[in-house]
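Okay, structure first, notes after.
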Protein chains: 2
Amino acid sequence: MGKGHDSMLTAAIAPTASYEWMMTMERRRRVSLSDVARAAGVSTSAASFALNSRPGVSDTVRERVKEAAVQLGYVPWVSGVALRTGRSGAVGLLIRNLRNPFFLDVINGFDATCAEAGLGVVIGSADYTPSRESELLSTFIAREVDGLALAPIGGGSAASRWHDATAKPIVFINAAQHAPDIDASRVHVDSEGAVRQAVKHLVGLGHSRIALVAAPKEHSADNERTGCFLALQGELAFEARTISSEMRHDRAVEVLTNVLEESSETRPTGIITSSDYLATAVYSAASDVGLRVGVDVSVVGHDDLATSRFLSPSLTSIAVDRYGLGVAAARALIHQLGGAGTSTVVVPTTLIARQSSCPPPT
Amino acid sequence: MGKGHDSMLTAAIAPTASYEWMMTMERRRRVSLSDVARAAGVSTSAASFALNSRPGVSDTVRERVKEAAVQLGYVPWVSGVALRTGRSGAVGLLIRNLRNPFFLDVINGFDATCAEAGLGVVIGSADYTPSRESELLSTFIAREVDGLALAPIGGGSAASRWHDATAKPIVFINAAQHAPDIDASRVHVDSEGAVRQAVKHLVGLGHSRIALVAAPKEHSADNERTGCFLALQGELAFEARTISSEMRHDRAVEVLTNVLEESSETRPTGIITSSDYLATAVYSAASDVGLRVGVDVSVVGHDDLATSRFLSPSLTSIAVDRYGLGVAAARALIHQLGGAGTSTVVVPTTLIARQSSCPPPT
DNA sequence: GTGAAAGCGCTAACAG
DNA sequence: CTGTTAGCGCTTTCAC
């Protein structure tokens, strides 16, 4: 589809690939169910029943069919099944972005768990763009993925569109408050607990001006973090301030440089980020304005990436089982596919104190 | 399929999902091509031709059909197309493992490029296990992905099976010498150049006993690296040694600890790893045996991860455009899908000297 | 307990 | 230029 000038339009209609290649390509003969049936000397329907372990075929036939299937190396052709049943045996994983190493482990856990269950994984990155998220959603629907794991950006439109169009299972990753009207499983880091741990740690060290770096509201589900952070002022003695920044490293450095350039009376002495990845942006910004992390300014990251303990200074961070998060998301989806209801999993966090956090300069 | 005792067998036959869920699930009515055709008042074939920008329909009809499609929010149902044409509009990405952050950027570039072309991405991690690789390959074939990007492990069996079964495009990622008999695109880091740069750097600093950490032969395509490394002895004055280690961080630390425990007369003074990720294993091992990286032992990593310059000591590393690698792989695949022949892209590397490499102790 | 047949959504050959 | 039709591989009634 879409050659030349009208490609934009057709893209809007059909966000599928637009090659006209290989029209001529020999199409390899594939081993079909009827081949298996013929080899076993039974009808296709009998073969189908046999392989799907359904009642209605004798044990001898069942045996013979299975043998033939193995012999021929038969693998059920997904498009046939999907067309007939509406099930593709794959699930979609729609992630906010693919730049933060955080998601690598999530993907890994998700993928491994799905693989174990025989489920394929179709992946997509919204890249923090709502339109991209929406587009990907369309392709996931069109591919008839059986379930969706969504780390959403923006409002709940993607989730409700998915729900309306498919009525299939969905699990939210790290979006506890997202689209509350939708019956979804929810798997997320205990971000409130994490913020509490970070603030307590810094207040315990003596800090009184603490800043939280958060993504702009429309880009993430950082609202809980921010809300909890501000609420903590009622409980602990410190002055809270939020720094709104895009998640891109270079942009974050700019914003943070501006903050750290303020006079030592107003600038925060402790900074809490939502990722270790962003924490290194504080390192860069501090270095740019001549401040020393772990001396002049304290930093608490989030994720405890493998390399964080080797940073200079080593980074105080909130550790979270990212792989486990991916596993939990996959499990929630698989349970729903098995007919169970939705569930919620909150993954706990642990603060790992290192050299980037210290008492504030006096 | 597969309930209870026979699930193993059916799994072998059909590595597809085995839920019997939602048999009862209402199947949402979907907007089909015939709906569009009806709305536009033409036949389905006319609608198909119109949307696929093929000759054989009048412009007015074409216009009317497209309008109707947009109106109804029509998205072509992939399984229908795939069943009919053998093309799914998706490509498979089969990666060695999902633990090394290296691949995150590769995935990112790959995904973004495919997305631009309207291609879906099905992902899978072989997790360094040949059987897993083979299994995933089966599901990719069964899903009729239109092309395969493969970072292979072990022999070329996966590649040749893909080729035999599908005759569809394939691109090798970081496996220059892999399966030379297969007509594949090849996209890879200039690993020989990288090894050369690393060795030259260390020799230039005065090192004479240099070790290269490489994966066991059957797990990776590190052969070129090793070969080139050993060959360099003819050209530069140094003693080469290879350390074979699994890629898992904890296992690597063990192996490296053993090496660094050797006496200062025999142990290498410079160590070259195949990833920054593994380089931190040297940091750990050195710390375990009381040696200082950047003083007692020099380390050169590979990948220049975002956090590497913040490591303590900052890590000398070979920078490589990982995102670009993913883009190149996707492009090679897309070109082949467009009917072009196979191609080879070698991604160059740059050595970034930092504090982890220094003159050897005297 | 078994087989024949319909039809999921789509495209491509063919007839009008 | 347009419409009818067959059939991709599979599951699932429905008759036997």
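Quick note on labels: first sequence line is chain A, next is B, and so on, each numbered from 1. All of these numbers come straight from a predicted model, not from anything done at the bench.
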| query | Nearest-Å distance, CZ (Arg64(A)) to C1' (dT2(C))? | reply | 12 Å
| remark: Computed from five pairs at either end and rounded to 10 degrees, the angle between the axes of the helix from dG1(C)-dC16(D) to dG16(C)-dC1(D) is 50°
| Gap between atoms CG and P, on Asn52(A) and dT13(D) respectively (whole Å) | 13 Å
| said: I need the CG-P distance between Leu83(B) and dT11(D), as an integer number of Å. | reply: 12 Å
| note | When rounded to whole Å, the CD to C1' distance for the pair Glu144(B) and dC10(C) reads 13 Å
| Quick one: is dG9(C) close enough that its OP1 or OP2 comes under 4.0 Å of any side-chain N or O from Ser32(B)? | no
| query | Quick one: is Ser48(A) getting a side-chain N or O under 4.0 Å of the dT11(D) phosphate, OP1 or OP2? | reply | yes
| remark: Residues passing the side-chain contact (heavy atoms from CB on, under 4.5 Å) test with Ser343(A), sequence neighbours excluded, are Ser185(A), Ala332(A)
| message | Between Ala46(B) and Ser79(B), which residue's closest nucleotide on DNA chain C lies nearer the 5′ terminus? | response | Ser79(B)
| field | Ser45(B): partners by side-chain hydrogen bond (donor to acceptor under 3.5 Å, both in side chains), with sequence neighbours left out | value | Ser43(B)
| field | Rounded distance in Å - CD1 (Ile141(B)) to P (dG9(D)) | value | 15 Å
| Between Ser58(A) and dT2(C), is there a side-chain N or O to OP1/OP2 distance below 4.0 Å? | yes
| query | Looking only at atom types and distance, does a side-chain atom of Arg143(B) sit under 3.5 Å from a main-chain N or O of Ser138(B), one as donor and one as acceptor? | reply | no
Distances under 3.5 Å only, N/O to N/O: pair up the protein atoms with those of nucleotides 13-15 of chain C.
none

| task | Provide, to the nearest angstrom, the distance between the CG atom belonging to Leu33(A) and the P atom belonging to dC8(C). | result | 20 Å
| What residues form a side-chain hydrogen bond (donor to acceptor under 3.5 Å, both in side chains) with Thr344(A), not counting sequence neighbours? | none
| Which comes earlier along DNA chain D counting from the 5' end, the contact point of Gly41(B) or that of Gly80(B), where each point is its nearest nucleotide? | Gly41(B)
| task | Ignoring the backbone of Tyr74(B), work out which of dC10(C), dT12(D), dT2(C) is nearest its side chain. | result | dC10(C)
| note | side-chain hydrogen bond (donor to acceptor under 3.5 Å, both in side chains) filter on Ser125(B), not counting sequence neighbours, yields none
| said: Please tell me if Arg30(A) has a side-chain N or O lying less than 4.0 Å from either OP1 or OP2 of dG9(D). | reply: yes
| request: Could you pull out all residues at least two apart from Phe172(B) that satisfy ring pair (Phe, Tyr, Trp, His ring centres under 6.0 Å)? | output: His178(B)
| query | To the nearest angstrom, how far is Asp59(B) atom CG from dC1(D) atom P? | reply | 8 Å
| task | Quick one: list whatever passes side-chain contact (heavy atoms from CB on, under 4.5 Å) with Phe49(B), sequence neighbours left out. | result | Arg54(B), Val57(B)
| Derivation and outcome, side-chain hydrogen bond (donor to acceptor under 3.5 Å, both in side chains), residues Thr342(B) and Gln336(B) | CA-CA 6 Å; Thr342(B) 57; Gln336(B) 281 189 70; 5.8 Å; no
| side-chain hydrogen bond (donor to acceptor under 3.5 Å, both in side chains) partners of Ser134(B), counting only residues at least two apart | Arg161(B)
| said: What's the separation between atom CG in Asp111(B) and atom CD1 in Ile95(A), rounded to the nearest 0.5 Å? | reply: 10.5 Å
| note | Contacts of Ala149(B) meeting side-chain contact (heavy atoms from CB on, under 4.5 Å) (sequence neighbours excluded), chain-then-number -> Leu93(B), Phe110(B), Val171(B), Ile173(B), Leu333(B)
List, with names and distances, any nitrogen or oxygen atoms from the protein found under 3.5 Å away from nitrogen or oxygen atoms belonging to nucleotides 14-16 of chain D.
none

| In terms of side-chain heavy atoms of Val57(A), which of dT2(C), dC8(D), dG3(C) is nearest? | dT2(C)
| request: With sequence neighbours left out, write down each residue that passes side-chain contact (heavy atoms from CB on, under 4.5 Å) with Thr129(A), or none if nothing qualifies. | output: Asp127(A), Ser131(A), Arg132(A)
| query | Nearest-Å distance, CZ (Arg62(A)) to C1' (dG1(C))? | reply | 11 Å
